[in-house]
Amino acid sequence: MPALASRVASRSRNTGLLISLLGFVLVVAACASVEDSGVPPSGAAAPESVPIEDAPVTDPPDIDTSVSAVPIADVYFDTFDGGAVPLSESTPELRRRLLDAIPPIDAPVYGNVATGDWLLPDDLVLGYVGGDQAYAYPFKILNFHEIVNDVIDGVPVLVSYCPLCGSAIVYDRRLDGDVLSFGNTSALYESDLVMVDRATGSYWWQVAGTAIVGPLSGAALEPFPSAVATWDDWVTTHPDTLVLTQDTGFDRPYTRDVFSTYSEIIDDGQFFFPVGEAALDSRLRASALVVGVAVGEEMRAYPVEGLVDPINDTIDDAPVVVFPTSSGAAVFSPRADDTILVFERLGEAF
């Protein structure tokens, strides 16, 4: 698969933030113990939300493997005992046991900036703006849940995060007029998080937002503009942000950065689950962070390390500008009304 761990699809305003997310060059996903030992799984409605008709949280039907967009032998379940079982050899009992072993958050509770006082200034968050309200999702919480289903400003959203590939993406949960909600299969494809929609039981590849096994195979979710930022940067930019709180209904050591040494592990080639040869790319370290951009059918990855000056580029005839940030990089559309702006560094400013 391409050496991309995140995507850019559209801009939010004339000079708007594009969907630009950080991820490891080699996409690998989260799984580990779900016990309260501090080892993470390998990965109230917002005040401005408008109620919509949403499906109740129920277990999905078992997977129909007769339809798939990828070989089902390449989808592996983490059995949480040091083993891995390919989907092609799994049983309904195993799949049921592993369903939501990494529990999604279906009733997120948000607080004001003060409720995030447990976060360090450099802690990473996934930032999203719905309507006029900004939201922050701390990686330290997403490490243990990977999936948040919510309705923000009347729009059903899926907040998804793969701790081992660093890909944090917000998707639209609507598909062909239906509203989907998502659970966690405990499975991985290319060692990346595989989600399940609770309506059809189809399996979804998190980093691509596409269904890979089941009746919806080939379908794709629409990504929303979002950004990875440090907590300090996000609060500086959005002082009235709401933040996902530790009131998740689960007892997890959220204050710990349980993936702090992961980059060293994959740089040594110690991948936890099978990775296809197409995903191995020696041009960068396995743990090298990139900002991935997709416009139309064209995709590019910009290495974050050493990024100092803005990069003015054109992808599929669309102008983009990549800015260095304290957390890595952010991608914007440089259009202001009918003008395409070109940026350069001037001292500490652009």
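Counting from 1, the numbers follow the sequence of the chain as shown.
Tyr302 and Asp313 form a side-chain donor-acceptor contact under 3.5 Å, judged by distance and modelled atom types alone. Neither side chain, Asn149 nor Ser181, offers a donor N or O lying under 3.5 Å from an acceptor on the other. A donor-acceptor pair shorter than 3.5 Å cannot be found between the side chains of Asp150 and Tyr128.
Phe77 pairs by the ring-ring contact (aromatic ring centres under 6.0 Å, His included) definition with nothing, not counting sequence neighbours. Taking the ring-ring contact (aromatic ring centres under 6.0 Å, His included) definition, one finds that Phe139 meets it with Tyr161, sequence neighbours left out. For Ala136, the side-chain contact (heavy atoms from CB on, under 4.5 Å) partners two or more places apart in sequence, or in a different chain, are Val125, Trp231, Trp234, Thr241, Val243. With sequence neighbours excluded, the residues forming a side chain to side chain donor-acceptor pair (under 3.5 Å) with Asp62 are Arg95, listed by chain and number.
Only one option out of Ile212, Leu216, Val196, Val194 pairs with Trp204 in a side-chain contact (heavy atoms from CB on, under 4.5 Å); it is Leu216.
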Indicate every side-chain donor-acceptor pair of residues 342-350 with a distance under 3.5 Å to a residue at least two apart or in another chain.
unit_1: Arg345; atom_1: NE; unit_2: Val308; atom_2: O; d: 3.1
unit_1: Arg345; atom_1: NH1; unit_2: Gly347; atom_2: O; d: 3.0
unit_1: Arg345; atom_1: NH2; unit_2: Val308; atom_2: O; d: 3.0

Side chains of residues 63-71: which donor-acceptor partners sit under 3.5 Å, not counting sequence neighbours?
unit_1: Asp64; atom_1: OD1; unit_2: Ser66; atom_2: N; d: 3.0
unit_1: Asp64; atom_1: OD1; unit_2: Ser66; atom_2: OG; d: 2.6
unit_1: Asp64; atom_1: OD2; unit_2: Ser66; atom_2: OG; d: 3.3
unit_1: Ser68; atom_1: OG; unit_2: Val70; atom_2: O; d: 3.0

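Side-chain contact between Asn312 and Pro334 is absent, with no heavy atoms from C-beta onward closer than 4.5 Å.
The aromatic rings of Tyr189 and Trp205 sit perpendicular to each other, their planes meeting at more than 60°, with 30° as the lower class boundary.
Under the 4.5 Å side-chain heavy-atom criterion for ILVMFWY residues, a single connected hydrophobic cluster contains both Leu244 and Phe250. By the criterion of side-chain heavy atoms lying less than 4.5 angstrom apart, applied directly or through intervening Ile, Leu, Val, Met, Phe, Trp or Tyr residues, Ile315 is not grouped with Ile340; the two fall into different hydrophobic clusters.
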Open item on the list: For Asp106 and Arg198: C-alpha separation, side-chain torsions, deciding distance, then whether side-chain contact (heavy atoms from CB on, under 4.5 Å) applies.
Closed with: CA-CA 12 Å; Asp106 292 302; Arg198 291 161 170 158; 2.8 Å; yes
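Note that CG of Leu120 and OG1 of Thr230 are 11.0 Å apart. Values are rounded to the nearest 0.5 Å.
With ring centers used as reference points, Tyr254 lies under 6.0 Å from His145.
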